[in-house]
Amino acid sequence: MSRKSLQKNLSYDDERRLYYVTLPDSGRRRRTKTFRSYEEALRTLNEVTVSSSACPGAFCSLGQWLEWWLRKDVSASRAASTLYAYQNIVRTHILPALGTVPLRSLNPLTIQNYLSQKLTEGLSPNTVLKHYTLLFTVLRKAAALNLLPENPMEQVVPPRRIAPRYTFYSPEQLRILFCVVEGSLMELPVKLAAYLGLRRSEIAGLRWRCVDLSAGIIVIQEVRTEVGGHEVVKLPKTQSSIRRLGISGSPELVSLLQRTLEQRHSADPEEYVVLKTDGTPPTPNYLTEALLHIVRENHLPPITLHGLRHSFASVANSQGIPMYDISKALGHSSISVTSNIYTHLFDETESRTLQAVAQAIRP
């Protein structure tokens, strides 16, 4: 049987690639509705569940309020990947520690101790900061609905965010990696990430209808990700991530795409560009594991597809490309996002600039 249950009232048919949501109908009857995407099916299921459940009263526990908030607020307005991430934090951390605490009994000290305990358990400050943000948002909603006199998170001190250090390859290391992956499944994903700065989800979601080799254009307008082991195809997270990229200046990439196009077994424009030898698209996690294996097998410095995206930014910056242009190519929502992510990288360039000036004017 091809249909399998994913959760209560939600199943998936891997032959037809359809999601089935069982909905309550009049009386005891039930009806089934089909969806092509996991995200749409989950949102519909949550909306139906919420409509049949009233908002908890002022004397509910934090766990009861969190459950309602996830189904009512998050599922209706956030992507399935965001909902899944929130559910993991709530299920794994917040509920075991604070789930039974009455909502009105929550105070800043209790929450501050919870955050401190998570740091003691070994979670990174950046991860605990996500817990802080989630609790701030959910309790702000409770205060807005007069379930709380005020948001206790206003008095809680968040952990200090630590700027991450991103791994990237030099041009010399990229050339070595290109030689290693030549002729393999990973050749195209690696070069799309290094030459264009594409995200993993953008590489996995690229279809031939978005590639115009005669015009030298690739259009990024769809991404393919995994949420809880299930494939999700959706629009990019922000409008700025939808972009047109010129590839005429990358003849090696154009040539590779041309060869890949000629070797296709189908003329369907909806077909994905990156395919396995059996003609099926690899999952995003498959691409990650394949690159990890190649890097380890060839004793190269650790790198991921996202690290190759950082390598693109590093090389562009070293060539004097303005930060605004780098930001546009990467599909960031603003130049400040690019600056925040690559602060350490641009600081190193700034240091080289100051050193060069000092040497030039030295007596």
Just wondering, more than 12 heavy atoms not from [X] lying within 6.0 Å of its [atom1]?
X      : atom1 : result
Arg244 : CZ    : no
Lys33  : NZ    : no
Arg264 : CZ    : yes
Gln155 : CD    : no

**Request:** Identify whether NZ of Lys or CZ of Arg in Arg224 sits under 6.0 Å from the centre of the six-membered ring of Tyr272 and within 45° of that ring's axis.
**Result:** yes
**Request:** Measure from NZ or CZ of Lys130 to the centre of the six-membered ring of Tyr86 and say whether it is under 6.0 Å with the direction within 45° of the ring axis.
**Result:** no
From [atom1] ([X]) to [atom2] ([Y]), nearest 0.5 Å:
X      : Y      : atom1 : atom2 : result
Ser201 : Leu287 : OG    : CG    : 11.0 Å
Asn285 : Thr225 : CG    : OG1   : 10.0 Å
Glu172 : Leu177 : CD    : CG    : 13.5 Å
Trp69  : Leu145 : CH2   : CG    : 13.0 Å

**Complete:** Heavy atoms of Tyr19 and Leu10 approach each other most closely as CB-CD1, 4.5 Å
**Asked** Looking only at heavy atoms, which two atoms of Ala313 and Leu330 are closest? And how far apart?
**Response** CB-CD1, 4.2 Å
Strictly below 4.0 Å, N to O, side chains only: are [X] and [Y] in salt-bridge contact?
X      : Y      : value
Lys191 : Glu182 : no
Glu270 : Arg209 : yes
Lys72  : Glu67  : no

**Message:** Using the ring centroid of each side chain, check whether Tyr169 and Phe312 are separated by less than 6.0 Å.
**Reply:** no
**Request:** Check whether Leu62 and Leu109 end up in the same hydrophobic cluster, where Ile, Leu, Val, Met, Phe, Trp and Tyr are linked by side-chain heavy atoms less than 4.5 Å apart.
**Result:** no
**Prompt:** Heavy atoms, side chains only, cut-off 4.5 Å: are Gln258 and Glu262 in contact?
**Reply:** yes
